[in-house]
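Convention: sequence-line order gives letters A, B, ...; per-chain numbering from 1.
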There are 2 protein chains.
Amino acid sequence: MLEGKWKLVILFHLFGGRVLRFSELERAIPAISQKMLIQQLRQLESDGIVRRIVHPEVPPRVEYRLTDWGQSLCPALDALLQWAERRPDA
Amino acid sequence: MLEGKWKLVILFHLFGGRVLRFSELERAIPAISQKMLIQQLRQLESDGIVRRIVHPEVPPRVEYRLTDWGQSLCPALDALLQWAERRPDA
DNA sequence: CGCGATTCTTACCTGCAGGTGAGTCCCCCA
DNA sequence: TGGGGGACTCACCTGCAGGTAAGAATCGCG
């Protein structure tokens with residue numbers, strides 16, 4: 001569920017309860033293509049990690065935030081980060 | 001460093017300080033090909049996660065175990081597992 | 001002498017993850 | 001009336017992760 005080049009990058013932008021719209025994510029991750037961003041967001045959504053909120057406005061506005069379960073992933077990933085930082089000079 | 005289809009599978013077999021030789025890993029993970037097993041072990045070794053011990057015998061014997069740093073990855077992955085188990089019925 | 005065990009290597013192939021560029025739909029507003 | 005902003009969607013392509021099969025080095029043993 002977390003594999004792939006972009007999933008974690010997206011998640012790190014959403015941790016802390018941040019709510020971002022599509023174009024904000026695009027700007028936050030300049031290297032990603034629109035197609036990939038959508039694709040990964042849809043997968044994260046169908047896995048129940050992020051929630052997608054469409055505001056029926058014109059121009060359209062779509063916001064993404066973590067679900068409670070998605071948010072609870074944060075400490076586990078933090079543990080991984082701390083492990084990586086403890087790496088003996090390889 | 002942990003990406004790919006096999007890295008985590010291999011690691012889970014080595015957690016708990018287990019020391020396994022090549023052929024034991026082959027048997028423990030029947031679905032993996034020899035090429036992949038070697039390739040992934042070499043990468044894990046060059047990343048400092050597993051240690052490779054060659055016994056100069058005939059027939060050759062090669063053992064793999066986690067480094068201290070590799071072993072310290074266990075709790076972090078456990079946190080991930082627990083997160084996965086907490087998943088609301090998707 | 002030739003076979004088998006063990007660990008690794010090499011060559012080749014396939015499928016899919018990921019990249020690129022263009023097109024679509026909708027409505028407001030100048 | 002058409003241009004522009006926003007969020008996609010589509011068709012196509014490339015590269016690499018991963019799979020398959022065979023070969024190679026070593027020596028002890030029947």
Between [X] and [N], does any side-chain N or O lie under 4.0 Å from OP1 or OP2?
X: Tyr64(B); N: dC8(C); answer: yes
X: Arg61(A); N: dG5(D); answer: no
X: Arg42(A); N: dA7(D); answer: no

Integer-rounded Å distance: [N] [atom2] and [X] [atom1]:
X: Trp6(B); N: dG18(D); atom1: CH2; atom2: P; value: 9 Å
X: Gln43(B); N: dC16(D); atom1: CD; atom2: P; value: 14 Å
X: Leu37(A); N: dG18(C); atom1: CG; atom2: P; value: 13 Å
X: Gln39(B); N: dG18(D); atom1: CD; atom2: P; value: 8 Å
X: Glu63(A); N: dC8(D); atom1: CD; atom2: P; value: 12 Å
X: Arg52(B); N: dT6(C); atom1: CZ; atom2: C1'; value: 13 Å
X: His55(B); N: dC27(D); atom1: NE2; atom2: P; value: 18 Å
X: Leu41(B); N: dT6(C); atom1: CG; atom2: C1'; value: 15 Å

**Study point:** Residue whose closest nucleotide on DNA chain D lies nearer the 5' end, Glu3(A) versus Val54(A)
**Key:** Val54(A)
Revision key, fill the gap. Result for 5'-nearest mapping on DNA chain D, choosing between Gln40(B) and Val62(A), is Val62(A)
Which residues satisfy the side chain to side chain donor-acceptor pair (under 3.5 Å) test with [X], sequence neighbours excluded?
X: Glu45(A); value: none
X: Arg18(B); value: none
X: Gln34(B); value: Glu26(B)
X: Glu3(B); value: none

**Study point:** Pairs meeting criterion ring-ring contact (aromatic ring centres under 6.0 Å, His included) with involvement of residues 8-59 of chain B, two or more places apart
**Key:** Phe12(B)-Phe15(B)
**Study point:** Listed partners of Arg86(A) passing salt bridge (charged side-chain N to carboxylate O under 4.0 Å, His left out), at least two apart
**Key:** none
Check your understanding: When you check every protein heavy atom under 4.0 Å of nucleotides 20-29 of chain C, what one-letter string (B, S, -) results, 5' to 3'?
Key -> B------SS-
Please set out all donor-acceptor pairs under 3.5 angstrom arising from side-chain atoms of residues 72-85 of chain B, sequence neighbours excluded.
unit_1: Ser72(B); atom_1: OG; unit_2: Trp83(A); atom_2: NE1; d: 3.4
unit_1: Ser72(B); atom_1: OG; unit_2: Trp69(B); atom_2: O; d: 2.6
unit_1: Trp83(B); atom_1: NE1; unit_2: Trp69(A); atom_2: O; d: 2.9
unit_1: Trp83(B); atom_1: NE1; unit_2: Ser72(A); atom_2: OG; d: 3.4

Practice item. Any pair with a residue in residues 50-74 of chain B that passes salt bridge (Lys or Arg N to Asp or Glu O under 4.0 Å), sequence neighbours left out, goes on the list, sorted by first then second residue, please. Key: Glu57(B)-Arg61(B), Arg61(B)-Glu63(B)
Practice item. Mind listing the closest non-hydrogen atom pair of Val19(B) and Glu24(B) along with its distance? Key: O-OE1, 4.1 Å
**Study point:** Within residues 10-30 of chain A: residues closer than 4.0 Å to DNA chain C (heavy atoms)
**Key:** none
Exercise for review: Have a look at the helix from dC1(C)-dG30(D) to dA30(C)-dT1(D) and give the angle its two end axes make, five pairs each, rounded to 10 degrees.
Suggested key: 30°
**Study point:** Thr67(B) side chain to Val50(B) backbone, donor-acceptor under 3.5 Å
**Key:** no
Point to revise | Short side-chain to backbone donor-acceptor contact, Gln40(B) and Leu37(B), under 3.5 Å | key: no
Revision key, fill the gap. Across all chains, not counting sequence neighbours, the side chain to side chain contact (heavy atoms under 4.5 Å, CB included) partners of Lys5(B) are none
